[in-house]
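These numbers were taken from a predicted model, which means no experiment stands behind them.
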Amino acid sequence: MSEAPAERDGSGPPFDVFSRLCPSRGTLEHITGRWGSLTLGALYGNRLRFNELRRRVDGVSEKMLSQTLHALERDGLVHREAQPTNPPRVDYELTSLGHEVAGRLAGLIRLVEGRMPEVLDARGRYDEARGA
C-alpha cells in the first residue's frame, strides 16, 4: 500500500502494519484470521449469544470461538455483556469500531460471494492445466 503509516499520539513512531513489532499487525491478524473475519461478519448487524454465534460460524470449535472473541474484545471490536441471570446469559455485539471494520469485511464478503462463479472457473482451469 502506498499510504503513509498512521501517526501515533506522539508516544512513538507511526503505526506500520508491515513492521513485525507494530501492535497494528496483531490486530490485523485478529480481524483477518479465519475465525476473526467470520465472527465479525456474523456479528455485523446482530447481537448474538455465544451458542448462536457458534452455530452461525459453522465449523468453529467452542475453544477457538472463545479465544477469537477474547482477542476481538481486547482490541475493542466486540462488546461482551453478561446478564446476571441463572443460568448466565452472555451477549456479544460489535462496538462502533467493530461495526466499521465489519462493514468493510461485509463488502469484501459480498464481493467474494458474488464473484464465485469466476473463482470456480479459474480453479477448474488451473487444476486442468496441472492435471489435477
Side-chain angles (χ1 to χ4, degrees):
M1 302 193 81
S2 61
E3 293 183 24
E7 293 295 321
R8 290 193 187 197
D9 60 4
S11 62
F15 292 109
D16 180 2
V17 75
F18 296 102
S19 171
R20 69 184 158 108
L21 299 178
C22 185
S24 64
R25 184 180 283 192
T27 300
L28 185 64
E29 289 171 357
H30 295 156
I31 292 167
T32 61
R34 179 194 330 186
W35 304 122
S37 59
L38 292 172
T39 299
L40 289 168
L43 286 171
Y44 188 59
N46 298 298
R47 179 183 177 105
L48 299 172
R49 294 176 71 176
F50 185 87
N51 284 327
E52 292 172 321
L53 190 52
R54 195 166 137 219
R55 282 190 296 275
R56 179 70 178 121
V57 181
D58 190 27
V60 68
S61 70
E62 189 172 318
K63 178 183 177 183
M64 284 308 305
L65 181 57
S66 180
Q67 289 176 354
T68 299
L69 286 166
H70 285 292
L72 296 173
E73 183 181 8
R74 184 170 183 252
D75 286 340
L77 301 167
V78 170
H79 173 71
R80 177 185 185 274
E81 185 174 337
Q83 305 290 330
T85 60
N86 191 8
R89 176 188 170 118
V90 180
D91 293 308
Y92 295 90
E93 63 184 331
L94 297 174
T95 63
S96 61
L97 174 59
H99 192 268
E100 183 178 350
V101 169
R104 294 179 186 231
L105 278 173
L108 179 59
I109 289 167
R110 284 189 301 273
L111 173 68
V112 169
E113 288 175 339
R115 303 296 289 267
M116 279 311 296
E118 293 169 66
V119 171
L120 295 175
D121 286 345
R123 285 181 184 175
R125 288 189 307 275
Y126 180 93
D127 292 346
E128 187 176 310
R130 281 152 186 80

Would you sort out whether H99 and Y44 count as a side chain to side chain contact (heavy atoms under 4.5 Å, CB included), showing the intermediate values?
CA-CA 6 Å; H99 192 268; Y44 188 59; 3.5 Å; yes

What are the two closest heavy atoms between [X] and [Y], and how far apart are they?
{"X": "I109", "Y": "G41", "answer": "CD1-CA, 4.5 Å"}
{"X": "P88", "Y": "R49", "answer": "O-NH2, 4.3 Å"}
{"X": "S24", "Y": "D16", "answer": "OG-C, 3.8 Å"}

Output every pair passing salt bridge (charged side-chain N to carboxylate O under 4.0 Å, His left out) with a member in residues 57-74, not counting sequence neighbours, ordered by first then second residue.
R54-E62

Between CG on residue L94 and CD on residue E100, distance to nearest 0.5 Å:
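Result: 11.5 Å between the selected atoms.
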
To the nearest 0.5 Å, what is the distance between NE2 (H79) and CG (L72)?
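H79 atom NE2 to L72 atom CG measures 14.5 Å (nearest 0.5 Å).
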
Any residue meeting side chain to side chain contact (heavy atoms under 4.5 Å, CB included) with [X], in chain and number order, not counting sequence neighbours:
{"X": "R55", "answer": "N51, E52"}
{"X": "R25", "answer": "V17, R20, E29"}
{"X": "S37", "answer": "L105"}
{"X": "L38", "answer": "R34, W35, V57"}

Is [X] linked to [Y] within one hydrophobic cluster, defined over Ile, Leu, Val, Met, Phe, Trp and Tyr using a side-chain heavy-atom separation of less than 4.5 Å?
{"X": "Y126", "Y": "V112", "value": "no"}
{"X": "L97", "Y": "L28", "value": "no"}
{"X": "M64", "Y": "L77", "value": "yes"}

Check each of L65, T68, D91 against L53 using the side-chain contact (heavy atoms from CB on, under 4.5 Å) test, and report the only one that passes.
L65

Can you tell which of T27, T95, V101 makes a side-chain contact (heavy atoms from CB on, under 4.5 Å) with D75?
T27

List the steps, then state whether side chain to side chain contact (heavy atoms under 4.5 Å, CB included) holds for T39 with Y92.
CA-CA 10 Å; T39 299; Y92 295 90; over 6 Å; no

Looking at residues at least two apart in the chain, or sitting in another chain, which of them share a ring-ring contact (aromatic ring centres under 6.0 Å, His included) with H70?
none

Between L40 and V78, does a side chain to side chain contact (heavy atoms under 4.5 Å, CB included) hold up when you go through it step by step?
CA-CA 8 Å; L40 289 168; V78 170; 4.3 Å; yes

Tell me if the CZ atom of R115 is crowded by more than 12 foreign heavy atoms within 6.0 Å.
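At most 12 heavy atoms, drawn from other residues, nucleotides or ligands, come within 6.0 Å of this atom.
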
Just checking E81: does its CD atom have more than 12 heavy atoms from other residues, nucleotides or ligands closer to it than 6.0 angstrom?
yes

